[in-house]
Number of protein chains: 2
Amino acid sequence: MPTRDPKISPSVVRRLPIYLRHIQVLRGQGVERVSSQEMGNNLDLNPAQIRKDLASFGEFGKKGVGYEVSYLERKLRQILNLDRHIGVALIGAGHLGIALSNYARFQSERMTIDGLFDSDPQKIGAKIGHLTVEHVHDLETACQTRRMQIGIIAVPAIAAQGVCDALVKAQIRVILNFAPASLRIPRGVHLRNTDFTTELQSLAFYLADD
Amino acid sequence: MPTRDPKISPSVVRRLPIYLRHIQVLRGQGVERVSSQEMGNNLDLNPAQIRKDLASFGEFGKKGVGYEVSYLERKLRQILNLDRHIGVALIGAGHLGIALSNYARFQSERMTIDGLFDSDPQKIGAKIGHLTVEHVHDLETACQTRRMQIGIIAVPAIAAQGVCDALVKAQIRVILNFAPASLRIPRGVHLRNTDFTTELQSLAFYLADD
DNA sequence: TAGATTGTTAATCGATTAACAATC
DNA sequence: TAGATTGTTAATCGATTAACAATC
């Protein structure tokens, strides 16, 4: 396997799951081969970009032929670490947390939510799907004993930094934050914000002024 | 007001709500003036970038002094169209939809969810906060009579394209999609995808391989 | 005034796209 | 073989950052 190149750009990494999803659809349709041209058409991306993105991880295609769907899927899973189990800790058992925990295991059997936490005494012990809500106080221990590697913050903005700090303390190095707050993290931690307030407000810019 | 410059880049637009949020916090703290330097420190952004972003809409600061917090807030709201009422149609009354509709009205009293739709007969008529779940069949009429301008898709992937088409038919030109699906839209429609599956999968790339 | 900080131009950096030799 | 399509280099485009004159 090619060494993890620290020079792979974030833009490339963010397109990989899009390729993976498309490839999975193709496999479901029984398609065996696909060209960058066809993928580009379907995903509204430049074929050269797709080839370049993929080529930064190895030579997955055949000149004159294209990419073999099942092979490419396997490779993409490898690159994204989706070929092994990844445990996710989800903090916040409100509607958002429940919605996320229902999300069909992220369409990849290998990534699962292995812990659901909240600070509301009323919620502790409640069953949400196959999960039982635990107290955030137990987050650190749980992350270590259950070897969870990704944290999802789905709590109110006011509580987000505290949860973030707890995750960092628990050695979690990859965090997805849904709270509308700018979180402070130490170097070495990957934080991604999915802030729906921000998205909506920036979209409002494009409304016709009338 | 400066004319809507079609050359304002998406990257700039996406930072505006981040500035707005920070400015609101400052106002809440009673801060009256702020420099690009200070904002940059707090938001982890380059001060030159902040100045340049803001300057593309006018001269909001004073040389040697900085930006007046309340004036900048007012200007940012204007630019983002957040100084007037914006009606949002939310489709999907599952946990995600409920979470979104609870979201404190997007921290801007002027943007509100004015319609909540679903296709599940069981849900039609149910009360979610101050909203009553309506049938998607009524989406088009509702968007027009209630003059809703933004659509949020919070339905399963399989239903997303249908809802998207209905929104477009209802003259909605700005759409925020939460379903993990690549939607087809006609030119002139602004679509933003917030795909949490994709986010998580790309984050998995950064896990240490062990 | 002197120090500070904007608005803006120029320089740099990074990402996308075009083009094409290699080759299946 | 001839046509197709990759992998990759070079060209272009766009976004970020540095630098500084203008000025509060």
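Taking every side-chain heavy atom of B:Ala48 into account, D:dA19 is the closest of D:dT9, D:dA19, C:dC24. Out of D:dT5, D:dT17, C:dA18, the shortest distance to the side chain of A:Ser35 is found at D:dT5. The side chain of B:Lys52 sits closest to C:dA10 out of C:dC24, C:dA10, D:dC24.
Computed from coordinates, the A:Phe60 CZ to D:dT6 P distance equals 14 Å when rounded to whole Å. What separates NZ of B:Lys63 from P of D:dC24 is a distance of 7 Å, to the nearest Å. What separates CD1 of B:Ile8 from P of D:dT16 is a distance of 13 Å, to the nearest Å. For B:Gln37 and D:dC20, the CD to P distance is 17 Å, given to the nearest whole Å. Taking atom CG on A:Leu45 and atom P on C:dT17, their separation rounds to 8 Å, with Å as the unit. Here the P atom of nucleotide C:dT8 and the CG atom of B:Leu54 are 12 Å apart, to the nearest Å. Rounded to whole angstrom, the span from the OH atom of B:Tyr71 across to the C1' atom of C:dT6 amounts to 14 Å. The separation between A:Asn46 atom CG and D:dT5 atom P is 15 Å, rounded to whole Å.
Aromatic ring orientation, B:Tyr71 versus B:Phe60: perpendicular (interplanar angle above 60°, classes split at 30° and 60°).
Across all strands shown, C:dC24 forms a Watson-Crick or G-U wobble pair with D:dG3, both key distances being under 3.5 Å. Remark: C:dC13 base-pairs with D:dG14. Criterion, Watson-Crick or G-U wobble with two distances under 3.5 Å.
Residue B:His85 places its NE2 atom among more than 12 non-hydrogen atoms of other residues, nucleotides or ligands, all under 6.0 Å distant.
Side-chain contact annotation: A:Arg14 with B:Ser202, donor-acceptor N/O pair under 3.5 Å absent. Inspection of the B:Glu38 and B:Ser35 side chains reveals an N or O donor paired with an N or O acceptor under 3.5 Å. No side-chain donor from either of B:Glu199 and B:Thr197 sits under 3.5 Å from a side-chain acceptor of the other. In this structure, a donor-acceptor pair under 3.5 Å is present between the side chains of B:Asp165 and B:Gln161.
The phosphate of D:dA4 (OP1 or OP2) has no side-chain N or O of A:Tyr67 nearer than 4.0 angstrom. Side-chain N/O atoms of A:Arg51 include none lying less than 4.0 angstrom from OP1 or OP2 on D:dG7. Here A:Ser36 does not reach the OP1 or OP2 of D:dT5: none of its side-chain N or O atoms lies under 4.0 Å away.
Closest-nucleotide positions on DNA chain C for A:Asp53 and B:Lys62 were compared, and the one nearer the 5' end corresponds to B:Lys62.
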Under 3.5 Å between N/O atoms: give me all the protein pairs with nucleotides 13-15 of chain C, atom names plus distance.
from	atom 1	to	atom 2	distance (Å)
C:dA15	O5'	A:Ser11	OG	3.4

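Applying the side-chain contact (heavy atoms from CB on, under 4.5 Å) test between B:Ile153 and each of B:Thr194, B:Leu191, B:Leu176, B:Leu183 identifies B:Leu183 as the sole match.
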